[in-house]
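Chain identifiers are assigned alphabetically (A, B, ...) following the order of the sequence lines, protein sequences preceding nucleic acid strands; residue numbering begins at 1 within each chain.
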Number of protein chains: 2
Amino acid sequence: MFIELDFRNHVPIYVQIVERIKHLVATEVLEPGDQLPTVRQLAADLRVNFNTVARAYRILDQAGLVSTQQGRGTYVLESLPPGRSTRLRQAALKALTQHFLTEAARLGFEPDDVDHDVEKLIKRWRQEGTP
Amino acid sequence: MFIELDFRNHVPIYVQIVERIKHLVATEVLEPGDQLPTVRQLAADLRVNFNTVARAYRILDQAGLVSTQQGRGTYVLESLPPGRSTRLRQAALKALTQHFLTEAARLGFEPDDVDHDVEKLIKRWRQEGTP
DNA sequence: GGTACAATAATACAATTATACAATGAGATA
DNA sequence: TATCTCATTGTATAATTGTATTATTGTACC
């Protein structure tokens, strides 16, 4: 799967998994009916105990985003409509940007460093039509 | 472990532990990825309360030498991030930015949308010192 | 003596893991 | 078809790890 964890930032692993999967569903990378990796498979990928993944799946189940079924697996239920409402779209972009900046800061970069790189690449994006 | 304390010395115990572990890391007796003894194990060895060891571990964590993870343990980290001017660092920031923009584009945003949000959040980052 | 503060300890808590368990379904076999 | 077997799935519980909060101890200063 397409999930990366940060073991250093003191955000519980199960919370990180929940948030990443919520994001993948909201951005329609994961669509209704899709099966998530089994708890053991994802746990192996992430080098984590499968109970930690199971805890994340249970929270997503209770939130109504997925359905977990013993012996069968875990499946995406519904996609939150991000493309519909402009408000949700704005929130998605803000969250994405926030995540990007936080990661840059964690790597020790300063606002000027980031600003410089972003401006350069956005300029190219405008010129070439694709980032 | 290979730590000895001097209880007659008036240097606080947690400071002594911090210093000893810093030394063990500097001399590569402890290498990146190595797990430190659990707070309770080391505390038992040193005949000290485990909160005192936990305090030392927390300081080492904040100093970036180790990573403490609740439920998992405490691990020696890679050597500290290199200076801001290395080619490797610049490449990392560029890759991170590229990834961010690609994701935004995939969600259907335009360069102007992204530029607007990034500038706003970077401005706040400058003002508040943290993104 | 009394007060303030830092260091240490006691206790309760939360995250993660280890282990054993129960439900499901695919394939074998009668 | 029926049902048996067994690998695979999620679940439940207890043990282990670090964290947070509060109490105790010791020391310096007045």
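Spacing between atom CG of A:N9 and atom P of C:dA15 amounts to 14 Å, rounded to whole angstrom units. Between the C1' atom of D:dG10 and the CD atom of A:Q69 lies a distance of 10 Å, rounded to the nearest Å. Taking atom CD1 of B:I13 as the reference point, atom C1' of C:dA6 lies 13 Å away to the nearest angstrom. Separating the CG atom of A:N49 from the P atom of D:dA15 is a distance of 16 Å, rounded to the nearest angstrom. One interatomic measurement links the two molecules: CZ of A:R58 to P of C:dA15, which rounds to 12 Å at whole-angstrom precision. In this entry the distance linking CG of B:L42 with P of D:dT16 reads 18 Å, nearest Å. In this entry the distance linking CZ of A:F50 with C1' of C:dC21 reads 11 Å, nearest Å. Distance, A:I17 CD1 to C:dT16 C1': 11 Å, rounded to whole Å.
Judged purely by atom type and a 3.5 angstrom limit, B:R58 has no side-chain atom pairing as donor or acceptor with the backbone of B:T68.
When the side-chain nitrogen and oxygen atoms of B:Y14 are compared with OP1 and OP2 of C:dA7, one or more of them lie within a distance under 4.0 Å. In terms of phosphate contacts, A:R55 brings no side-chain nitrogen or oxygen within less than 4.0 Å of OP1 or OP2 of C:dT16. The phosphate of C:dA23 (OP1 or OP2) has no side-chain N or O of A:R72 nearer than 4.0 angstrom.
Between the base of D:dG18 and the side chain of B:R40 there is a donor-acceptor pair shorter than 3.5 Å. Remark: the A:N51 side chain and the C:dT19 base include a donor-acceptor N/O pair separated by less than 3.5 Å.
When distances are taken from the side chain of A:V48 to each of D:dT19, D:dT9, C:dT17, the shortest belongs to C:dT17. Considering only side-chain atoms of B:Q70, the nucleotide from D:dT11, C:dA14, C:dA9 that sits closest is C:dA14.
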* To do: Determine, step by step, whether A:K22 and A:E19 satisfy the salt bridge (Lys or Arg N to Asp or Glu O under 4.0 Å) criterion, reporting the C-alpha distance in whole Å, the side-chain angles of both residues, the deciding distance to 0.1 Å, and the verdict.
  => CA-CA 5 Å; A:K22 272 186 179 176; A:E19 290 180 347; over 6 Å; no
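Considering only heavy atoms from C-beta on, A:R40 stays 4.5 Å or farther from A:V53 through its side chain. You'll find the side chain of A:V48 reaches within 4.5 Å of the side chain of B:R72, heavy atoms only.
With salt bridges taken as basic N to acidic carboxylate O contacts below 4.0 Å, one links B:R126 and A:D115.
Nearest-nucleotide positions on DNA chain D place A:T68 closer to the 5' end than the other of B:G71 and A:T68. Each of B:Q35 and A:T74 has a nearest nucleotide on DNA chain D; the 5'-most of these lies closest to A:T74. Nearest-nucleotide positions on DNA chain C place B:P12 closer to the 5' end than the other of B:P12 and A:F7.
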